[in-house]
Participant: 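Structure in structure tokens, see below.
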Amino acid sequence: MKLCETEIVTFTEGRRSRFCARGTLAEEDGAFVVRYADEGDAVTLTVREGSLAMAREGKLSAVFQPHCATEMRVLAGESCGAIPVRTEELRIRRSTDGFTALLRYRLCFPADEQKFTLKIAIGIISEEG
């Protein structure tokens, strides 16, 4: 397991947001698994060849995979819902000090779609026992 810095820059509807957190990076069953916290919630990103999965403890989860019908599951209290996701592009580049990913997807609501572009950078800070 390694300590890492996670940076996610999101573009949607003409707005840009940037999120950074420290966490851990491990290779498990042929995948990169990144764990960090966001506003006190545990978040896990799992990156495999051609897919990226995200799970935020008790709030939402999604799988992004080009050319496959996937969904984002959203939990709000006792309610649970699903929003169809259309992944347009997912490019993952591995390097000696982590990896980067470019993700373009649309959330497909009944009356409209919302387009997102994410630039994800995971950089290894140090080795951990």
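Worth saying up front: this structure is predicted, and the values here are computed from it rather than measured. The basis for the numbers below is simple: all heavy atoms, side chains too, and nothing from hydrogens, waters or symmetry mates.
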Participant: Can you tell me how far the NZ atom of Lys2 sits from the OG atom of Ser126, to the nearest 0.5 Å?
Facilitator: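 It is 10.5 Å, given to the nearest 0.5 Å.
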Participant: Students often mix this up, so state it plainly: with edges at 30° and 60°, are the rings of Tyr36 and Phe19 parallel, tilted or perpendicular?
Facilitator: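 Because their plane-to-plane angle lies in the 30° to 60° range, the rings of Tyr36 and Phe19 count as tilted.
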Participant: Can you tell me how far apart CD1 (Ile92) and OG (Ser51) are? Round to the nearest 0.5 Å.
Facilitator: 7.0 Å
Participant: Are Arg22 and Glu7 ion-paired here, with the side-chain N under 4.0 Å from a carboxylate O?
Facilitator: no
Participant: Between Val74 and Cys80, is the side-chain contact (heavy atoms from CB on, under 4.5 Å) condition met? List the steps.
Facilitator: CA-CA 6 Å; Val74 181; Cys80 178; over 6 Å; no
Participant: Looking at Lys59 and Glu57, does any basic side-chain N land under 4.0 Å from a carboxylate oxygen?
Facilitator: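 Between Glu57 and Lys59 there is no salt bridge, as every charged N stays at least 4.0 Å from the carboxylate O atoms.
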Participant: Test of understanding: clusters of I, L, V, M, F, W, Y form through side-chain heavy atoms closer than 4.5 Å, transitively. Do Leu118 and Leu107 belong to the same one?
Facilitator: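 Yes.
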Participant: Side-chain contact, heavy-atom cut-off 4.5 Å: Gln114 with Asp112?
Facilitator: no
Participant: Any carboxylate oxygen within less than 4.0 angstrom of a Lys/Arg side-chain nitrogen, looking at Arg104 and Glu89?
Facilitator: yes
Participant: Looking at every heavy atom in both Ala31 and Thr46, which two are closest together, and how far apart are they?
Facilitator: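 For Ala31 and Thr46, the tightest heavy-atom pair comes out as CB-CG2, 3.9 Å.
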Participant: Identify the heavy atoms of Leu45 and Met54 that sit nearest to each other, and give their distance.
Facilitator: CD2-CG, 3.5 Å
Participant: For residues Arg35 and Met1, determine if any side-chain heavy atom of one lies less than 4.5 Å from a side-chain heavy atom of the other.
Facilitator: no
Participant: Kindly give the heavy-atom pair with the smallest separation between Leu102 and Lys119, and that separation in Å.
Facilitator: CD1-CG, 3.9 Å
Participant: Closer than 4.0 angstrom, basic N to acidic O: yes or no for Arg86 and Glu71?
Facilitator: no
Participant: Please tell me whether Phe99 and Val33 are part of a single hydrophobic cluster in this structure, the criterion being side-chain heavy atoms less than 4.5 Å apart.
Facilitator: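 In one cluster with Phe99: Val33, no.
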Participant: List the atom of Ala21, the atom of Ala37, and the distance in Å for their closest heavy-atom pair.
Facilitator: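 The answer is CB-O, 3.9 Å.
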Participant: How are the rings of Phe64 and Tyr105 set relative to one another: parallel (under 30°), tilted (30 to 60°) or perpendicular (over 60°)?
Facilitator: tilted
Participant: Would you kindly confirm whether Phe32 and Ile124 end up in one hydrophobic cluster when ILVMFWY residues are joined by side chain heavy atoms under 4.5 Å apart?
Facilitator: yes
Participant: Do Val9 and Ser17 come close enough that some side-chain heavy atom pair is under 4.5 Å?
Facilitator: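 Counting from C-beta outward, Val9 and Ser17 never come under 4.5 Å.
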Participant: How long is the span from the CZ atom in Arg15 to the CZ atom in Phe11, to the nearest 0.5 Å?
Facilitator: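 It comes to 13.0 Å.
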Participant: Identify the heavy atoms of Ile83 and Cys108 that sit nearest to each other, and give their distance.
Facilitator: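 Between these two residues, the closest heavy atoms are CG2-N, 4.0 Å.
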Participant: Could you state whether Ile125 and Ile122 fall into the same hydrophobic cluster, counting links through intermediate Ile, Leu, Val, Met, Phe, Trp or Tyr residues with side-chain heavy atoms under 4.5 angstrom apart?
Facilitator: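 Ile125 does not cluster with Ile122.
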Participant: Determine whether Glu88 and Lys115 make a side-chain contact, defined as any pair of heavy atoms from C-beta on separated by less than 4.5 Å.
Facilitator: yes
Participant: Look at the side chain of Arg73 and the backbone N and O of Ala55, then say whether any donor-acceptor pair between them is shorter than 3.5 Å.
Facilitator: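 Not confirmed, Arg73 side chain does not pair with Ala55 backbone.
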Participant: Could you report the tightest heavy-atom contact between Glu27 and Arg94, atom names first, then the distance?
Facilitator: OE2-NH2, 2.9 Å
Participant: Is there a path from Leu103 to Phe116 through hydrophobic residues (I, L, V, M, F, W, Y) whose side chains come within less than 4.5 Å of each other?
Facilitator: yes
Participant: Calculate, to the nearest 0.5 Å, the distance between atoms CD and NE2 belonging to Gln65 and His67 respectively.
Facilitator: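 The NE2 atom of His67 is 10.0 Å from CD of Gln65, to the nearest 0.5 Å.
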Participant: What do you reckon, is CD of Glu49 surrounded by more than 12 foreign heavy atoms closer than 6.0 Å?
Facilitator: no
